[in-house]
Amino acid sequence: IDTDFVAFFDDLIASKRNEGTRTYYSQSMAKFKEFAGSNVPFTAITKETIDNFKTFLLRKVMQNTANGYFAAFAHVIRSAEEKGYLKHMYFKRIPQAQVEKDYLSKQDISKIIQTPWENRLKQAFLLQCLGAFGFNEVKRMKWSNIDYENSSITSKRQKTGEIVTNPINKDILLMLGDKGRQSDLVFPEMTTLKRYNSNIQKLVSAAGIEEGKHVTSHVGRGSCIIHL
């Protein structure tokens, strides 16, 4: 068979409707081209080639990234087998590494509360740590969602669209400061998740929290759930 494997890989990527899936498969293909070149006939795709590519990935990227890239590659191999371009080959996938999830202790959160900070993203993060709100819930939160009198915050769950009224400790509400105009965002400083997480890392560092903890928006919310 003289059909080129990389061209087949490229065609399969183009057939994917989801942009995120296309991007991930493209990254997998880029690594394969780095490994084997841009012109690879199907006759060159053997079990040895597959195993060597697996080893190549594990040398180049973190194990869980290699797991994802190889899973995309394996799907291309199976598609080629179904179309008769390759005979069925048995090979093992790259296992996912066990990742220890970081979270903030109550002492860590107390340190953040006491740390002076240059912007209100500290309050946004503490709202996650103490109220279990997701990034988008906090980003989209308006002053009209906050009921100081009844100590509650109303939010809309992104995944379900459900409107939820969350009882909130008065001390947390006081931390937010004076109420603004009903239609205004509580945290207009919040833009992208990447920038927000970068700010969190700087805040955590300034608070003197244990080095090595990779603290993000997700970790803040998860820390609250752990301590409930």
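The chain is numbered in sequence order, starting from 1.
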Kindly give the heavy-atom pair with the smallest separation between [X] and [Y], and that separation in Å.
X: Phe133; Y: Val138; value: CB-CG2, 3.6 Å
X: Phe42; Y: Ala80; value: CE2-CB, 3.6 Å
X: Thr49; Y: Ala44; value: OG1-O, 2.7 Å
X: Asn145; Y: Arg140; value: OD1-O, 4.3 Å
X: Lys122; Y: Ile113; value: NZ-O, 2.8 Å
X: Ala206; Y: Trp117; value: CB-CZ3, 3.7 Å

Validation row: [X], [Y] side chains within 4.5 angstrom (heavy atoms):
X: Asn199; Y: Glu189; result: no
X: Ile153; Y: Leu127; result: yes
X: Val186; Y: Arg120; result: yes
X: Asp51; Y: Glu48; result: no
X: Gln201; Y: Asn197; result: no
X: Leu57; Y: Phe35; result: no
X: Leu126; Y: Ile172; result: no
X: Ser110; Y: Lys106; result: no

A quick test of your reading: do over 12 heavy atoms of other residues, nucleotides or ligands sit less than 6.0 Å from [atom1] of [X]?
X: Glu118; atom1: CD; answer: yes
X: Asp178; atom1: CG; answer: no
X: Arg195; atom1: CZ; answer: no
X: Lys33; atom1: NZ; answer: no
X: Met62; atom1: CE; answer: no
X: Lys202; atom1: NZ; answer: no
X: Arg181; atom1: CZ; answer: no

Heavy-atom donor-acceptor pair, [X] side chain to [Y] backbone, under 3.5 Å:
X: Lys31; Y: Ala66; result: no
X: Lys54; Y: Lys92; result: yes
X: Ser223; Y: Val219; result: yes

Can you check whether Tyr24 and Tyr69 have ring centres sitting under 6.0 Å from each other?
->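 Yes, the ring centres sit under 6.0 Å apart.
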Nearest-0.5 Å distance, [atom1] of residue [X] to [atom2] of residue [Y]:
X: Ser155; Y: Asn166; atom1: OG; atom2: CG; value: 4.5 Å
X: Asp171; Y: Leu176; atom1: CG; atom2: CG; value: 11.5 Å
X: Phe125; Y: Ile109; atom1: CZ; atom2: CD1; value: 7.5 Å
X: Asp108; Y: Ile209; atom1: CG; atom2: CD1; value: 4.5 Å
X: Thr65; Y: Ile94; atom1: OG1; atom2: CD1; value: 10.0 Å
X: Ile77; Y: Glu81; atom1: CD1; atom2: CD; value: 7.0 Å

Do Met175 and Leu185 share a hydrophobic cluster, counting only Ile, Leu, Val, Met, Phe, Trp and Tyr and linking them when any side-chain heavy atoms are less than 4.5 Å apart?
->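 No.
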Decide side chain to side chain contact (heavy atoms under 4.5 Å, CB included) for Val6 and Met29; before the verdict, give the C-alpha distance in whole Å, the side-chain angles of both, and the deciding distance to 0.1 Å.
-> CA-CA 8 Å; Val6 175; Met29 184 174 72; 4.2 Å; yes
Output all residues satisfying ring-ring contact (aromatic ring centres under 6.0 Å, His included) with Phe91, sequence neighbours left out; order by chain, then residue number.
->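 Applying ring-ring contact (aromatic ring centres under 6.0 Å, His included) to Phe91 gives Phe70.
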Apply side chain to side chain contact (heavy atoms under 4.5 Å, CB included) to the pair Val76 and Phe32, showing each step before the final yes or no.
-> CA-CA 12 Å; Val76 177; Phe32 181 76; over 6 Å; no
